2 protein chains.
Amino acid sequence: MSSDRSSAGDPARTLALLWRDPSAVPRRGPRRTLDLDAVVEAATALADAEGLPALTMRRVAERLGVAPMSLYTYVPGKAELLDLMLDAAYAAMPRQDTTGRPWRERVAAVAEENRRLHLAHPWAATVSTLRPPLGPGQAAKYEHELAAFDGCGLDDVEVDDCLTWVLGFVRACARDAADAEAARADGGTDEQWWASAGPLLARVLDPAAHPRATRIGAAAGAAHGSAHDPAHAYRFGLDRVLDGLAALIERP
Amino acid sequence: MSSDRSSAGDPARTLALLWRDPSAVPRRGPRRTLDLDAVVEAATALADAEGLPALTMRRVAERLGVAPMSLYTYVPGKAELLDLMLDAAYAAMPRQDTTGRPWRERVAAVAEENRRLHLAHPWAATVSTLRPPLGPGQAAKYEHELAAFDGCGLDDVEVDDCLTWVLGFVRACARDAADAEAARADGGTDEQWWASAGPLLARVLDPAAHPRATRIGAAAGAAHGSAHDPAHAYRFGLDRVLDGLAALIERP
DNA sequence: TGCCCGTTCGTACGTTGTACGAAGTACGCC
DNA sequence: GGCGTACTTCGTACAACGTACGAACGGGCA
């Protein structure tokens, strides 16, 4: 469904897991055959390789050589597992030090880091981050990305607004790219789809009533291979995003 | 789930349904108790009222007083039903005539129309439109929105790029707003969540290691009621989007 | 030593989209 | 006018999902 959500259940339990609170690992009982990191890594590897729909508690368990229900001693549920996966992915992001460089380069570097994150973990774009995983990875990421706006002359609220806006753009591009990948996985290429749908559309769509749509649609389709080229949309959009920030930052 | 996708199955059949091809309604057999529009309307009403996860073939059938499997004589499957819902929603959008007004007003009007669409149909933001429903609603919408860039001095490909970028922004905001609504539906308010998670976070997060995160996070949280205010993000972002376009359109 | 908390996992339930086939209906040809 | 057949309706069924429940067992602490 809608998209998978995270951050359900008890926030205290989730935070203890995210920060690997030592008091959260039990002292009594039989020795555990796994640990939390193994579960998170297996789930991430599965989602990376086959996408979020393939991320099943049963299949994660299978990868670990364990019965499905055993996972629930490590993780309260699937939503929390997604939180842990996301925070681990954030923690693993390389963070380029751009101190002293012009703001435009610094913000572009942040965008690029996030684009790479979503290339490595396409599922990450489709998990709702409205309630972000409040773990060490998210904290380090947020701190690092805020620093890109140091010395821009913006107040604190504006910096947060700008960062949210930039990340939202990258995320939106990544979602489209992930959708394109998913469509390719089970249904043929975008090109194939347009090749079969295009001529059919031409028979029903009246060019006189839709002059711009036919002309511009054809031009856009010819410019990039198919109807929507996520990579081109990112390159084009990022320039507009930076220009939009410039109007705020370099105001007279 | 990943997000629900649309446009699976035979494109020819889907296009015939979208354009209400008369040759697609059968001539023989018993009289049908419903028609396609009734199915689409019932599904839309259900999704509007209870969200996309509640949109079940069984529940749509229930609303229509029909057995679940009967729906499959009107619609090949759920994916095609989503296409039909989306195109119908597009067709029903009011389209403001802004001919002759400055481009900034015209593009802002397009953004506002799309914001209203997503307010009326929050589920629309979470359906992938990578392969858009190629129906009359989408065609009219695309034609109308392209017209907002008339006389801007952009070439055809640039116009399509700009429109895609603007609509992507509105969609991303709408997705966040829909996520917020979904979270409110089953799990308490955002404010409640932050009220319980915030103090816990303060105990584990080191302010010395994360000076900007703690300061700016607190400032942003105080400025709007919770961590993320979708309405504010839209207002702030739209101004940046228009500024970003201005740099391209009003270049010297 | 014995208690009891913890782990592991088999079974089971409710939910989803939809394939299949039986039963009944009405158009179009003769 | 009668009949074949294309069509609708819908009951049943299946495989997949997340996960609740409880039995069986293991090991740190009193």
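A, B, ... follow the sequence lines: proteins, then strands. Residue 1 opens every chain. Owing to the predicted nature of the structure, the values given are computational and were not obtained by experimental measurement.
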DNA chain C-proximal residues of residues 41-48 of chain B, any heavy atom under 4.0 Å: none
Residue pairs passing the ring pair (Phe, Tyr, Trp, His ring centres under 6.0 Å) test where at least one lies in residues 57-80 of chain B, sequence neighbours excluded: none
Close side-chain approach of B:Leu55 and B:Leu82, heavy atoms under 4.5 Å: yes
B:Arg116 CZ: over 12 foreign heavy atoms closer than 6.0 Å: no
Sidechain-backbone polar pair: A:Glu80 side chain, A:Val75 backbone, donor-acceptor under 3.5 Å: no
A:Ala125 backbone acceptor or donor facing A:Arg171 side chain under 3.5 Å: yes
Spacing of A:Arg59 atom CZ relative to D:dG18 atom C1', expressed in whole Å: 16 Å
Atom pair CD/CE of A:Glu62 and A:Met57 - distance to nearest 0.5 Å: 14.0 Å
OP1 or OP2 of D:dA16 under 4.0 Å from side-chain N/O of A:Thr56: no
Sequence neighbours excluded - ring pair (Phe, Tyr, Trp, His ring centres under 6.0 Å) pairs with any residue from residues 112-145 of chain B: B:His121-B:Trp123
For atom CD of B:Glu62 and atom P of C:dT15, their distance in whole Å: 12 Å
Any pair counted as side-chain hydrogen bond (donor to acceptor under 3.5 Å, both in side chains), so long as it reaches residues 31-44 of chain A, sequence neighbours left out: A:Arg20-A:Asp37
Spacing of CG belonging to A:Leu15 relative to CZ belonging to B:Arg203, to within rounding of 0.5 Å: 9.5 Å
Interatomic distance, B:Leu55 CG vs C:dT15 P [rounded to whole Å]: 17 Å
Point-to-point distance, once rounded to the nearest 0.5 Å, from OG1 of A:Thr56 to CZ of A:Arg63: 11.5 Å
B/S/- contact track for nucleotides 22-30 of chain C, protein heavy atom under 4.0 Å: --BBSBS--
Those residues of residues 67-74 of chain A lying under 4.0 Å from DNA chain D by at least one heavy atom: A:Met69, A:Tyr72
Close side-chain approach of B:Leu17 and B:Pro76, heavy atoms under 4.5 Å: yes
B:Arg58 side chain, from C-beta outward: closest of D:dT9, C:dT18, C:dT8: C:dT18
Rounded interatomic separation in angstrom, taking NZ from A:Lys78 and P from D:dA16: 15 Å
Whole angstrom value for the distance that separates P of C:dC9 from CZ of A:Arg32: 13 Å
Gap between atoms CE and C1', on B:Met57 and D:dC10 respectively (whole Å): 14 Å
Touch class at under 4.0 angstrom, heavy-atom based, for A:Leu34 against every strand present: nothing
